[in-house]
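For reference, the structure discussed in these notes is given below.
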Amino acid sequence: MKLNQRGFTLIELIVVIVILGILAATALPKFVDLSGEAESAAVQGVAAAVTGGGNINYAKYKAAGGTSTGAVAISDATDACAGAANSVFANRATLVTGSVTLVNAAPSTTSEYRVTGGAPQICGSGVTVQCTLTSKGAKTATAFVPCTN
């Protein structure tokens, strides 16, 4: 008694393997670059936290009648952005939580972000200073810090 066995031929198997290889080769680059997108999203999140912290500080300053009670006076004219960001976040862990450190030099770890100033350089009452935050991997984002006086 002879059984008639049927299966895939060698050519059919090779064609399927080649098609799977082509699909894997086209899909792989989309997953490889996720770390860069994650770093970009992280620096944008820190920039949003800097903006939010600056706005909270401005509201506290104005609510206190223009005094620095409960807020930080931001009036640095030489490098308004770095001075403002450092003033707002110095010893104020409630404005930005987590292990984020704002630095003036090149960041050495993934939790450090360099703050550089933009325009305008003169800090006046209600003037918003544009800050550029840069991550260790050179990803950048923009934050806005309002001056208090």
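This chain uses plain numbering: 1 for the first residue, then up along the sequence. For the numbers below, each heavy atom of this structure counts, side chains included, while hydrogens, waters and symmetry mates do not.
Partners of K136 according to the side-chain hydrogen bond (donor to acceptor under 3.5 Å, both in side chains) rule, which considers only residues two or more places apart in sequence or in another chain, do not exist here.
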- Query: side chain to side chain contact (heavy atoms under 4.5 Å, CB included) between K139 and T134: does it pass, once the steps are laid out?
  - Reply: CA-CA 6 Å; K139 302 289 184 186; T134 308; over 6 Å; no
- Message: If you apply the rule side chain to side chain contact (heavy atoms under 4.5 Å, CB included), what do you find for V129 with C147, and how did you get there?
- Response: CA-CA 7 Å; V129 179; C147 300; 3.4 Å; yes
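The distance from atom CD1 of I56 to atom OG1 of T51, rounded to the nearest 0.5 Å, is 11.0 Å. If you take OG1 on T132 and OH on Y113, they are separated by 15.0 Å, rounding to the nearest 0.5 Å. Taken to the nearest 0.5 Å, the OG1 atom of T116 stands 7.5 Å off from the CG atom of L133. For the atom pair CD1 of I17 and CD1 of I22, the computed distance is 12.5 Å after rounding to the nearest 0.5 Å.
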Side-chain donor/acceptor pairs under 3.5 Å, residues 34-50, sequence neighbours excluded:
{"unit_1": "E39", "atom_1": "OE2", "unit_2": "S135", "atom_2": "OG", "d": "2.6"}
{"unit_1": "E39", "atom_1": "OE2", "unit_2": "G137", "atom_2": "N", "d": "2.6"}

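Heavy-atom neighbours of I11 CD1 from other residues, nucleotides or ligands within 6.0 Å: at or below the threshold of 12.
Annotation for E112 and P107: closest pair O-CB, 3.3 Å, computed over non-hydrogen atoms. Taking all atoms of both residues into account, the shortest heavy-atom contact from V145 to C131 is CG2-SG, 3.8 Å.
Residues F8 and V18 are members of separate hydrophobic clusters, defined by side-chain heavy-atom contacts under 4.5 angstrom among Ile, Leu, Val, Met, Phe, Trp and Tyr.
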